Each structure stands twice: as structure tokens, then as C-alpha cells.
J.: 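Please see the structure below; I have some questions.
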Amino acid sequence: MDILANIWAALPLVFSFDVMLAMVLGTTVGIAVGALPGLSATMGIAVLIPLTFAMSPLVALGMIAGIYNGAMYGGSIPAILLRIPGTPAGIATVFDGYEMARQGRARAALDISLTSSAIGSAVSAIALLLVAPPLAAVALKFGPADYFWLAMFGMMTVAVLISDNPAKGFLSACFGLVIGLVGIDSMTGTERFTFDQLNLLSGINIIVLLTGLYAIPPAVGLLLGQSDVDTSRLNFKGVKERIDWASLVPVWIRSSAIGLFIGLIPALGGNVAAILAWNEQRRVSKSPNYGKGAPDGLAAPECANNADTAATLIPALTLGVPGNAVAAVILGAMLVHGLKPGPELFRDNATTVYGFMLTMLITSGLMYVIGKLGARAFVNVLRLPPLLLGPMILALTTVGVYAVQNSMFDVWLMLGFGLIGFAMERMSIPTAPAVLAVILGPMAEASFRRALLISGGEYGYLFSSAISITLVVLIVLMLLTPVVRHIRARQRRTQEELPSGS
Amino acid sequence: MNRNLLELLAAIFVTAFFVYLFGEARGYAGQSKVMPVAVTGLAVALSLAWGAQCSVALVKGGGAAGTGPAPFDLRRLAIVAVAVVVYALGIGTLGYFTSTIIMLPALSISLGYRNWLVAILVTLGFAAVLYAVFRLLLSVPLPAETLFGMVG
């Protein structure tokens, strides 16, 4: 009943003029950003956070919800028309989507993609509304030791699962932990990693880090010609085709479930959800041309990668543990607006958090309307010259970061993080563990110290609750994953070599 | 350059960086040093492991390129790096909008964009939007505009 009452209280705010306008703008920008190869939802949100400083929290979060949902659909436009996924989540869309466009069915393919994306987003937002509040109520029972292990679990899962090489994943997390430690230790007053720089005493603003790591490398990529698009192949023509929507209903149900499940697991993202859904659909599909332009082969990944969006926010909003980079960026935006993610958020800022969850639902509908009305315009976004777009992103991020504290020091720091982010990309070191560690590191340290304070320095307290023990077991299992993966790969290699050797 | 060799050099640099931070962390007092020492110590161990992986791959694979992002033109990267540094320096001396109006077309044209008219029109339009948002709407006190200041 509390859920309904809170939704009811948030509804008038969500349907106010400024929040609606922010959602429309956010969704439009999101589709355009997603459509541009090399740019992602994470980058779009990171660049636009400084623009939201003067807005009320719900207006800002409405815009962010629009960007997030819109970018997931936008990624399918170049995947279908040019065989280039606009975002990593658009990888599986290429398989059947591009084939449909090649057969002169581009218009139908975009329609299927848009409808499937909107349905996936809506299901995900409803799940967020229904699952997050009870989970937040459970999270209120967590003690300091539980929070310590939860933060460790979040960091380790992402570090281990997101990279092929766990050493690189953990190294990235260590970098983030060090960044999170910069500044005056609030408990003892000790200056840590400040190197006598006054500008570092209050720590490094998370927006500076986020824009550096997520906005600068794609902008540089555009300028280096890494996202060049051959627009001569752009073909939006096609006969109007009758689509058998009823046959796609089971596909949407199955793919939404996959997307929701994947969204809840830290480190897995829309790309994993899309590929799993496409594979699962292939198993059950009756279409003879699956993989060669089948509508269900397009509907499955598009529905799944959008069903993943709001689901990734469930652990982020309720526990303060972001499962992936985009959730971390959204948490960063919430912190900027004075909203501290975690179970208290649902108690202290119920109207705002329920309003945010509602904007995730409403933007899924807006995405459908805007995508339908502006289809031709979004296709033409692909014609934007990357050599003009790159400097524009640089200029926008610069002024945005400067606006955080009116400091040129922050601008230089952001450029430094941009350089590090670019180098990390080149070395195949994931940046997501670093961002997660910046958020979770201080939470882990504070919880650890609080636990020791409560127990009088007794380390056994860290293992005294059922939640803590469960999390420790999960961490151990997580750490064993690379070992198991290695053993399986070796067994597979041996089995493959046996027939050829004998 | 061979990718494995490049990664080995990066691993050595990262190890040295974290060793320095480890030394710094050991100087902190009491509880303040627990987390920094643990994190930097772990980072040193991990970067050494990364370096060892690269060395083994280098010995086994020799000149193998390995998997990773597509190669890029170093000359273009140098142009971008210089432009970004000059741009950031320019903001402090010439002002944000003046620097942006110079940097945007100059960078795109130096990298091969040939449509001057579009570059200039896009730059002016973009600068106008930024001015409206950051100066008029958000009232961000940006560094003084030297050239515009002279005009009045």
C-alpha cells in the first residue's frame, strides 16, 4: 500500500511542465546520442550532468531517465541501417536488423526495434517500481559489517566479470579506490594523497572523474576517425510492410525476463542481455530465416537490452551499489543533487525517488512517440561530421566541469582523467571498476571502521551476521570464477586437440 | 609498437606510480593508513602480475599484436593533444567563448574537415547555445573574455 501511496504522491510532480519537458528533451538527446557510433548513454549522461545543476532533482532525474532509455533504442538505428552498433548493447541487433534493411525492409526493422525497445523499457520500469521498495526495506536491516561486505562484493564482482583479465579489472578498481581516498579523512583529519594541493583537500568531485573517463575518450575517438561512418550506405527507404505483432508477444515476454535478470547482476549489461535473448530466441524460433532478417531475431535483443535499463538501478537505488558504469554515473548525478542512494533514500526522499522510477516508465512511452515522429531526423543524425562533433563534446565537457566549482583546476584534472581513460581503453583495462570503486570505496572504509568501533576492535564481528557470511561466500565464489573459467578453457582445448592428435 | 611490449612498459610505469603512493600511504597516522596501504599494496602486486603476464606473452608470442582496439594515427593524436592543451590554456587567458570559437573550426579543419562554411556556422551556433545556457540561464561566472571585452 505504501508503494501505491508514494506513487500517487509523486504523480503530480512527474506530470508537471518542467519535468515533462526535461523527459522529452532527455529522450530526444538520448536517441540521438545512442544513434551516433562511439557515443553511449553513459557518456551522454556524464556530459549533461553539469547542465542539470540549476534544476530541481526530479527535473534532472527525468532528463537522465530519458537519455538512458533513449540511448538504448538509438543504438539500434546504425545497427540496422549501417551494420554498426551505436552502443555496445546494439551488437545483437545487427544480426537480423541489418539483414532486414538489406532486403529493403529498413522501415519495418526500425518499427520493430522501437516497439520492442519501448516494451522492454516499460517492463523494466514496472519491475523497478515493484521490486525496489521492498528490497530497500530489507536493506534497512543491514549493519555496518554487512555494508562493508556488500561494497566489497560490488567492487569484486565488477572487477572480475567485466574484464577478460582479472588483474586489469582489480587494478582499475584500485585506481578508483585511491581516487576515492583523496582529501581529508573525515574521521581523523589526516590529509591523504593531496600532495599539498589545496584544491584536493575536499577530494575529487565525482563529476570530474566521470566526464574525464567517459566523455573525453569517445570525443578523441571521433577526432581520430575511429567512428567514421560511410553514410553513402544509409538507406531508409522501404515498402510499408504488415508486421505480425501478435507473433512477437512471446518474444517480448521471454526477452524482458532475460533483460530483467541480467540487469540485476552486477557487471553484466545490455550487450549481454541482448546476445542471450537473441540466442534464446534462436533456440525456440520457428522462423526459417533466423539470423538472416527474421523479425523475432530483431525484437528479442532490442527488448532485452531495454529491459536491462531500469533493472540495473534496483541494486543502485536500494543498496547504493551500482552494477555497471551507467548506474554509477546516475548515482553520481544523484549525489550532485544531494540524494544519497541507499535504503534511507526511500524513507527521506520518497517522492523524488518514486518520481524518478515513474520517469523511467513514462520515458519508455515518450521514446516510442518521439522515435516514431522523428524517425527520419534520427537517421540523419548519422550524417553529423565526427570532426565537428568531437570538438563540440570537448567544449561542452570543459564548460560543464568548470561550472561544478568554477575551477580551472577541475578542467585540467578532467583532461588528465580523459588521458588515463583513453590509455585504459587502449590497454583493454575496463574503466567501470574504477568508477564503482570511487563510490563504493568510501562506503567500504566507513562501514569497516564503524564495525570495528561497535565491536571494540573485534574482527570477528565482521563475520557475525547471516548477511555478512552469505556475502563472504559469494565473494569467494566470485574470486574462484576466473580459475574455473581457466580450467574449463584448458579442458576444452585438450578435448579439441585429442581428435586431431589421435 | 608491439602491443605486449607497450603493455609491459605501461605495467612498469603503473607499478612505479603505485610504489610511490604506497610509500606515501605508509606515512599516514593510525587508522587513516589502513585502507591506503592495503589498496596501494594490492595495486603494486596486481601491476607486477600484469607486467609478468606481458613478459610471458612477449617471450611466447614475440611480435604478436594481441587483441585490442583498432590502431590509430599518432600524428592525429598529437594534433588533438596539442589542441586540447592550448584550448585549456586559452580559456584562462582569452576566455571560454573566444577559445571555443577558435578551437572548434581550427581542430576540425586541421584534422581534415574541408567545409569551412559549415564549420564556422556550426561553431557560431554552438557557441550561442552554450552562451544562452551557461551565461544567461545558469549564470556560471566563466573566465573573462579578453577579445569580446575589448569590443565592449
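Throughout, a chain's letter reflects where its sequence line sits, starting with A, and its residues are numbered from 1. Here the structure is a predicted model, which means the values were calculated and not measured.
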J.: Check each atom of B:Leu107 against the heavy atoms of chain A and say whether the ones under 4.5 Å are side chain, backbone, both or neither.
T.: side chain
J.: Starting at CG of A:Leu436, measure out to CE of A:Met155 and round the result to the nearest 0.5 Å.
T.: 9.0 Å
J.: Please determine, among A:Met392, A:Met187, A:Met408, the option with the most heavy-atom pairs under 4.5 Å with chain B.
T.: A:Met392
J.: Could you look at A:Leu388 and say if it's the side chain, the backbone, both or neither that has a heavy atom under 4.5 Å from chain B?
T.: both
J.: Among B:Gly30, B:Pro143, B:Ala83, which has the most heavy-atom pairs under 4.5 Å with chain A?
T.: B:Pro143
J.: Considering only heavy atoms, which portion of B:Tyr87 lies under 4.5 Å from any heavy atom of chain A: side chain, backbone, both, or neither?
T.: side chain
J.: Does a donor on one side chain and an acceptor on the other come within less than 3.5 Å for A:Thr194 and A:Gln197?
T.: no
J.: Could you pull out all residues at least two apart from B:Glu24 that satisfy side-chain contact (heavy atoms from CB on, under 4.5 Å)?
T.: A:Phe193, A:Phe195, B:Tyr20, B:Tyr28
J.: Between B:Tyr113 (side chain only) and B:Val118 (backbone N and O only), is there a donor and an acceptor less than 3.5 Å apart?
T.: no
J.: As an exercise: rank B:Ser108, B:Gly92, B:Ala127, B:Ser32 by heavy-atom pairs under 4.5 Å with chain A and give me the winner.
T.: B:Ser32
J.: Please flag which part of B:Pro105 lies under 4.5 Å from any non-hydrogen atom of chain A: side chain, backbone, both or neither.
T.: neither
J.: What residue in A:Thr398, A:Thr188, A:Ile429, A:Leu171 has the most heavy-atom pairs under 4.5 Å with chain B?
T.: A:Leu171
J.: Judged by modelled atom types alone, do B:Gln53 and A:Asn165 share a side-chain donor-acceptor pair under 3.5 Å?
T.: yes
